[in-house]
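Chain letters run A, B, ... following the sequence lines, proteins first, then strands; residues in each count from 1.
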2 protein chains.
Amino acid sequence: MNIAHHLYSNNIKPSVQRIKIFEYLYNSKNHPTVDTIYCQLAGEIPTLSKTTVYNTLKLFIENGITSSLIIDGNEARYDAIMKKHAHFKCNDCGYIYDIEINDLKLKDSQLAGFEIGETNIHLIGKCKKCLTK
Amino acid sequence: MNIAHHLYSNNIKPSVQRIKIFEYLYNSKNHPTVDTIYCQLAGEIPTLSKTTVYNTLKLFIENGITSSLIIDGNEARYDAIMKKHAHFKCNDCGYIYDIEINDLKLKDSQLAGFEIGETNIHLIGKCKKCLTK
DNA sequence: TTCTAAATTTGTAACGATTACAATTATGGT
DNA sequence: ACCATAATTGTAATCGTTACAAATTTAGAA
């Protein structure tokens, strides 16, 4: 995937920072926090500022190529995979799994006439790995 | 509902603060924030401290009579209705609706062997009222 | 009732994630 | 190369939450 082109086609002018941040987000599947992104890229881009990471992610979200999730209260995590999916966080190892969702059945009557823009599903528990060890 | 008894039967020693906080939480259906609870009760309990509200809610959650939800990033909201339900937040009026959920169908294969402790479903969009006005 | 220990409440200070803002640096067109 | 505009950066401020120690209340024993 050509990242510069991906940014362009979503109305984002590419820059070194933007390309590197999106690249990291897209390749690392671990829903990184701002701090993680910053620390990982600070080596490659020595002048990088944490504010730039915040600004850039905000821009990505506004243009629909990134989404944010808050699965525990304290800090936001980011995801470049835009296909609708749920998240499962293991309380033991802390890993956040992507979970495919088929369908979400809600009582029709209640949401009739509502316009649903966003659906966030967060599961918390213990993953198979941690349960079997 | 006898609140003092409800607290007792959940291993919480009642106190003026605890009773008032739970009472407010239980009667107001609007998923209040800590600040809202504090401001509402500060009149009745002039010595009330915001720390007490935090402590008390934490105690309620530990003992399973309250749950917290974070539907937009910034501040936590609290709910004394423990029956499993989803939340819909209207981006226009800001109101948070309780939505009954029948069933959540996820791809079985992925979560096989996982232990799911908590399921949070947050919907965001525009409610009927705001759409029709 | 009075004393004492434990639990609860309170206020202040600290913390951490995020944002505001102004200054610096880079970019693109003429 | 020059200029206007956009992007990046660092610092300081903001705000929800937590840590902590002092003050108050509670409950049980003497």
Evaluation steps, side chain to side chain contact (heavy atoms under 4.5 Å, CB included), between B:E118 and A:L123: CA-CA 6 Å; B:E118 213 179 298; A:L123 308 170; over 6 Å; no
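- Using a 4.0 Å heavy-atom cutoff across all strands shown, A:T47 reaches sugar-phosphate atoms only and no base atom.
- Regarding contacts with the backbone of C:dA26, every side-chain N or O of A:Q17 stays at 4.0 angstrom or more from both OP1 and OP2.
- In this structure, A:E75 places its CD atom 14 Å from C1' of D:dT17, rounding to the nearest Å.
- Classification of the A:H122-A:H87 ring pair by plane angle, with boundaries at 30° and 60°, yields tilted.
- Nucleic acid contact for A:S15: sugar-phosphate only, since backbone atoms but no base atoms lie under 4.0 Å from a heavy atom of the residue.
- For the pair B:K50 NZ and D:dG16 C1', the interatomic distance rounds to 8 Å; values are reported in whole Å.
- Between A:I45 atom CD1 and C:dT25 atom C1' the separation is 15 Å, expressed in whole Å.
- Rounded to an integer number of Å, the gap from B:N74 CG to C:dG16 C1' is 15 Å.
- Rounded to whole Å, the distance from CD1 on A:I19 to C1' on C:dT27 is 14 Å.
- Of the candidates D:dT17, C:dT10, D:dT9, D:dT9 carries the atom nearest the A:S49 side chain, counting heavy atoms from C-beta on.
- Nearer the 5' end of DNA chain D, as judged by each residue's closest nucleotide, is the contact made by A:L59, out of B:N55 and A:L59.
- Among all heavy-atom pairs drawn from B:G73 and A:I70, the shortest one is CA-CD1, 3.2 Å.
- If you check D:dT17, C:dT18, D:dA19 against the side chain of A:V34, the one that comes closest is C:dT18.
- The side chain of A:K13 sits closest to D:dA7 out of D:dA7, C:dT9, C:dG11.
- Taking the six-membered ring for Trp and the full ring otherwise, A:H31 and A:Y78 have centroids separated by 6.0 Å or more.
- At whole-Å resolution of the value, CG in B:D72 and P in C:dT19 are 12 Å apart.
- In this entry the distance linking CG of A:L48 with P of D:dA7 reads 16 Å, nearest Å.
- For the OP1/OP2 pair of C:dT18 and a distance below 4.0 Å, the side-chain nitrogens and oxygens of A:Y54 include at least one atom meeting the criterion.
- For OH of B:Y26, the number of neighbouring non-hydrogen atoms (other residues, nucleotides, ligands) closer than 6.0 Å is 12 at most.
- Between B:T51 and the phosphate of C:dT10, there is no side-chain N or O to OP1/OP2 separation shorter than 4.0 Å.
- Residues B:P14 and B:R77 both approach DNA chain D. Their nearest nucleotides, taken by heavy-atom distance, put B:R77 toward the 5′ side.
- Between A:I70 atom CD1 and D:dG16 atom P there is a gap of 14 Å when expressed in whole angstrom units.
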